[in-house]
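The shown structure was predicted, so the numbers you read here are calculated from the model rather than taken from an experiment.
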Amino acid sequence: MIRRLTILCCFLTITMASLAAAQVPNLFITSDRCMACHNGLITPDGRDASIGIGWRSSMMANSARDPYWQAAIRREALVHPTASALIQNECGACHMPMHRFQANAEGKQGEVFVHLPLASDVTPQSLMAADGVSCTVCHQIGSERLGEEESFTAGFEMDTSTGEGERKVYGPYDVDQGRQRLMQSASRFVPAKGEHIQSSELCATCHTLITHALDDNGDVVGELPEQTPYLEWKHSAYAGEKSCQTCHMPEVEGAMQVSSVLGPFREQVSRHVFRGGNLLMPRILNAHRQELAVQAFPQELQATADQTIQNLTTSTASLEVTFAQVSDGVLEAELAITNLAGHKLPTAYPSRRVWVHFTVLDRDGNTLFESGRFNADGSIEGTDNDADAALFEPHYDQISRPDQVQIYEPILADPSGAVTTVLLSASSYAKDNRLLPKGFDKATAEEFVAVHGAAHDDADFVGSGDRIGYRVATGGAQGPLTVQAELWYQPIGYRWAHNLGDEQADEIERFIGYYEEMADSSAVVLVSTRVVAE
C-alpha cells in the first residue's frame with residue numbers, strides 16, 4: 001500500500017509539474033535574435049556603438065562561460081554536497097538567468113552542471129543557459145519592488161503569464177505603433193517605455209547578493225552580504241548624482257539610431273559595454289575560446305580588456321604623497337588615497353583587492369625599503385593571507401616593516417571565526433577595509449555595508465579614501481631619497497584562486513591552470529606617484 005501511495009504521489013508530482021510547464025509560455029529568446037537589428041550602429045563621430053557587439057564581449061554576456069565562476073560553484077557544491085541543487089538554482093539566477101527563471105516558472109529547479117561544458121549541448125535550455133545575462137532578461141524586468149530588499153539576490157519581477165508574441169520588453173524610449181509591430185514580428189516581443197530600465201535599482205537585483213552560510217548538513221547557520229555595490233552607492237554622495245548606468249553604460253554624445261532597421265535617431269543612447277573591473281577574464285576567454293565556447297570575436301574581447309584597463313587607470317583612484325621628510329636617519333611619509341568610484345574600491349565579488357606598493361630608493365637607485373611587491377605567481381610579497389590561508393593582513397595606520405602591506409580587501413570568516421573563501425561557509429567579515437566612496441559615513445552605515453576590523457576605528461579611513469603613514473629607517477643612506485607609491489588592483493587574489501584546489505574537479509583544475517598561466521598579468525597599477533625627500 002505504501003509503495004502504491006509513493007508511486008501515486010510521484011505520478012501526481014510529475015503530472016502537476018508537466019501541467020505547470022504547459023501553462024508557462026517561453027519567456028525568452030537568445031541574443032542572436034536581437035542582434036539582427038541592434039548591430040551596425042554608428043555614433044555621430046563615426047564609431048561603432050552596436051548594442052549586440054558591445055554586449056557580446058562583456059562579462060554580462062559571458063557570465064555562464066566564466067571559468068572562475070564554473071570552478072567556484074563546483075567547489076561550493078563539493079563542500080556542501082547536500083545543498084548542491086539549491087546552490088545551482090541560486091547561483092544560476094544571475095549567471096544563467098534565462099534557463100533558471102524559465103525552469104522556476106515551470107516549477108523546476110535551475111541546473112548548472114548539466115549544461116557544462118557549454119559547447120557539449122545545443123538544446124533550447126542549454127542555449128539559454130550559455131547566453132548569460134542576455135537581452136530579454138534585463139529588458140523584461142518589471143518595475144515592481146525594485147530597490148526593496150525582496151528584489152535583491154535576483155528577486156526581480158517578470159511577467160510569466162502573457163503569451164508569446166505579446167510580451168513586453170522595456171526600453172527608455174517611446175516607440176510608435178509601426179515600429180512596435182515591426183519588432184513584434186521580428187522578435188515576438190512588444191517594445192514599451194519603462195524608465196526603470198535606466199535605474200540603479202534594476203542593477204541592484206543581481207548586484208546585491210545575500211548568501212547563507214550552511215553547516216555540514218546543509219542547514220542555514222548565518223547570512224552574509226556577499227556583494228553590495230548598490231547599497232554602497234546608496235550610502236554615498238553618488239546616489240543623488242549618478243546611476244550605475246552613468247559609469248558602466250556610458251552614453252553616446254549626440255543622436256544615433258538604436259536599430260539598423262528603420263530605427264529612429266535617439267539622444268542619450270547607452271552603450272551596452274557594461275564597463276567593469278575584470279581585466280583578467282576577457283583575456284582568459286580569448287586565450288581559451290574553444291574550451292569555453294566563446295562567441296565574441298578575438299578583437300572584441302581584446303578591446304574589452306583594453307577598455308577595462310583604461311577605465312581602471314584613469315577613473316578609479318588618485319594617489320598623493322602629502323608628506324615626505326628625512327630626519328635623524330628616519331624617513332617619514334604620508335600617502336593620501338582617494339576613491340573615485342561610486343562604491344567601495346574594490347567592490348562586488350570578494351576575490352578582489354587593492355593594495356599599496358611603497359618603495360624607497362637611495363640616490364643611486366638602490367632599494368632601501370619595499371612593501372607590497374607584486375610577484376609573478378599572483379601573490380603579494382610579505383602578505384599573511386597569501387602565505388597562509390588561515391591568516392590575513394590587518395589594516396594599518398602606519399607601516400614600518402617590509403612584511404606590512406596595506407591591502408584594501410574583504411576577508412570572510414565562517415561561524416567559528418576561521419578565515420574562508422567558501423562563500424556558503426562564510427557568515428561574517430573578519431576584515432573589510434575596502435576604500436569608501438565620497439559621502440560614505442562609516443558611523444551610520446548599515447551592517448550590510450559596514451567597515452570591519454581596525455579600519456572602523458582609524459580616524460584617517462573615511463568616506464572618499466584613506467591616509468596612511470610610513471616610517472622607514474634609512475640606515476645612513478645618502479640622500480636625496482626617492483619615495484615611490486603605486487596603488488595596485490587584482491580582480492582575483494592569489495588565495496581566492498588557489499584555495500579552489502582544496503577540492504578536485506575538472507572545472508577547478510582547468511581554472512587554476514588558466515590563472516597560473518596569466519598570474520603575472522592578473523593585476524594592474526591604478527595610479528602611481530613619486531617624490532624626492534631630503
Side-chain angles (χ1 to χ4, degrees), residues 31 35 39 47-73 94-96 116-119 130-135 203 206-207 227 229 244 247-250 270-316 341 345-349 351-354 374 378 488-494 496-497 500 507 510-526:
S31 57
M35 287 188 194
N39 276 343
R47 290 180 293 173
D48 190 295
S50 296
I51 291 172
I53 290 175
W55 166 85
R56 185 165 59 188
S57 58
S58 72
M59 290 310 301
M60 300 283 273
N62 291 289
S63 60
R65 297 183 181 91
D66 180 346
Y68 182 50
W69 174 71
Q70 292 179 10
I73 188 176
C94 292
H95 283 261
M96 292 181 171
L116 301 181
L118 291 173
D131 216 32
V133 185
S134 193
C135 317
C203 308
C206 271
H207 291 283
Q227 51 180 289
C244 303
C247 296
H248 298 282
M249 300 179 68
S270 294
R271 293 179 178 272
H272 284 56
V273 292
F274 301 100
R275 190 166 61 187
N278 199 334
L279 61 101
L280 177 61
M281 199 52 61
R283 298 204 302 265
I284 289 178
L285 290 166
N286 222 359
H288 301 279
R289 305 177 51 78
Q290 297 299 322
E291 285 180 286
L292 300 174
V294 173
Q295 299 297 308
F297 293 164
Q299 62 270 27
E300 295 167 4
L301 283 164
Q302 184 60 53
T304 293
D306 293 344
Q307 291 164 10
T308 299
I309 291 173
Q310 181 186 29
N311 183 57
L312 286 168
T313 56
T314 59
S315 306
T316 304
L345 178 66
T347 190
Y349 195 77
S351 65
R352 302 172 179 184
R353 59 184 179 177
V354 166
F374 179 61
W488 283 72
Y489 164 72
Q490 187 179 39
I492 303 175
Y494 177 88
W496 280 85
L500 294 170
E507 295 90 353
R510 180 183 66 186
F511 177 74
I512 292 176
Y514 292 167
Y515 186 85
E516 291 176 341
E517 185 181 285
M518 296 191 179
D520 61 347
S521 58
S522 65
V524 67
V525 177
L526 299 178

Quiz item: Under 30°, 30 to 60°, or over 60°: which ring-plane class applies to H272 and F274, parallel, tilted or perpendicular?
Solution: perpendicular
Quiz item: How about Y68 and N278: do any of their side-chain heavy atoms sit closer than 4.5 Å?
Solution: no
Quiz item: Which pair of non-hydrogen atoms, one from R353 and one from Y494, has the smallest distance, and what is that distance?
Solution: NH2-N, 3.5 Å
Exercise. May I ask you to check whether over 12 heavy atoms, not counting those of Q290, lie within 6.0 Å of atom CD?
Key: no
Quiz item: If you measure from NE2 on H95 to CE on M59, what distance do you get to the nearest 0.5 Å?
Solution: 8.0 Å
Quiz prompt | Check against side chain to side chain contact (heavy atoms under 4.5 Å, CB included), R510 and Q70 | solution = CA-CA 10 Å; R510 180 183 66 186; Q70 292 179 10; 2.5 Å; yes
Quiz item: Quick check: does any side chain N or O of R289 sit under 3.5 Å from a backbone N or O of A296, one acting as donor and the other as acceptor?
Solution: yes
Practice problem: Taking the side chain as every heavy atom from C-beta outward, state whether P250 and V273 have any atom pair closer than 4.5 Å. | Solution: yes
Exercise. Carefully, step by step, assess S522 and Y515 under the rule side chain to side chain contact (heavy atoms under 4.5 Å, CB included).
Key: CA-CA 8 Å; S522 65; Y515 186 85; 4.1 Å; yes
Exercise. Taking all non-hydrogen atoms of both residues into account, name the closest pair between S50 and N39 and its distance.
Key: CB-OD1, 3.3 Å
Quiz item: Does S57 reach the main-chain N or O of L301 with its side chain, forming a donor-acceptor pair under 3.5 Å?
Solution: no
Exercise. Report yes if the side chains of H248 and M60 come closer than 4.5 Å at any heavy-atom pair, otherwise no.
Key: no
Quiz item: Would you call Y489 and L312 a side-chain contact if the rule is heavy atoms closer than 4.5 Å?
Solution: yes
Quiz item: Donor-acceptor pair, R271 side chain versus A49 backbone, under 3.5 Å?
Solution: no
Practice problem: Could you tell me which non-hydrogen atom of T308 sits nearest to which non-hydrogen atom of G276, and how far apart they are? | Solution: CG2-O, 3.4 Å
Quiz item: Just checking, is any N or O donor in the side chain of Q307 or N311 under 3.5 Å from an acceptor N or O on the other one?
Solution: no
Quiz item: W496 vs Y349 aromatic rings, parallel, tilted or perpendicular, using cut-offs 30° and 60°?
Solution: perpendicular
Quiz item: Can you tell me how far CD of E507 sits from CD1 of I73, rounded to the nearest 0.5 angstrom?
Solution: 9.5 Å
Quiz prompt | SG proximity flag C244/C203, limit 2.5 angstrom | solution = no
Quiz item: About how many Å separate CG of L279 and OG1 of T304, when rounded to the nearest 0.5 Å?
Solution: 12.5 Å
Quiz prompt | Under 3.5 Å: donor-acceptor pair, side chain of R283, backbone of S521 | solution = yes
Quiz item: Looking at S134 and W55, what are the two nearest heavy atoms and their distance?
Solution: CA-CZ2, 3.8 Å
Quiz item: Quick one: are I492 and M281 in side-chain contact, heavy atoms under 4.5 Å?
Solution: yes
Practice problem: Indicate yes or no: at least one non-hydrogen side-chain atom of V294 is less than 4.5 angstrom from one of E300. | Solution: no
Quiz item: F297 ring centre to R56 NZ or CZ under 6.0 Å, with the angle to the axis within 45°?
Solution: yes
Quiz item: Can you find a pair of side-chain heavy atoms, one from I284 and one from P67, that are under 4.5 Å apart?
Solution: yes
Self-check item: Minimum heavy-atom distance between H207 and P229, given as atom pair plus value
Solution: O-CD, 3.0 Å
Quiz item: Do other residues, nucleotides or ligands put more than 12 heavy atoms under 6.0 Å from the CD atom of Q310?
Solution: no
Quiz item: Going by heavy atoms in the side chains, are C94 and V133 under 4.5 Å from each other?
Solution: no
Practice problem: State the CG-CG distance between D66 and L292, to the nearest 0.5 angstrom. | Solution: 9.0 Å
Quiz item: Looking at A64 and L118, what are the two nearest heavy atoms and their distance?
Solution: O-CD1, 3.6 Å
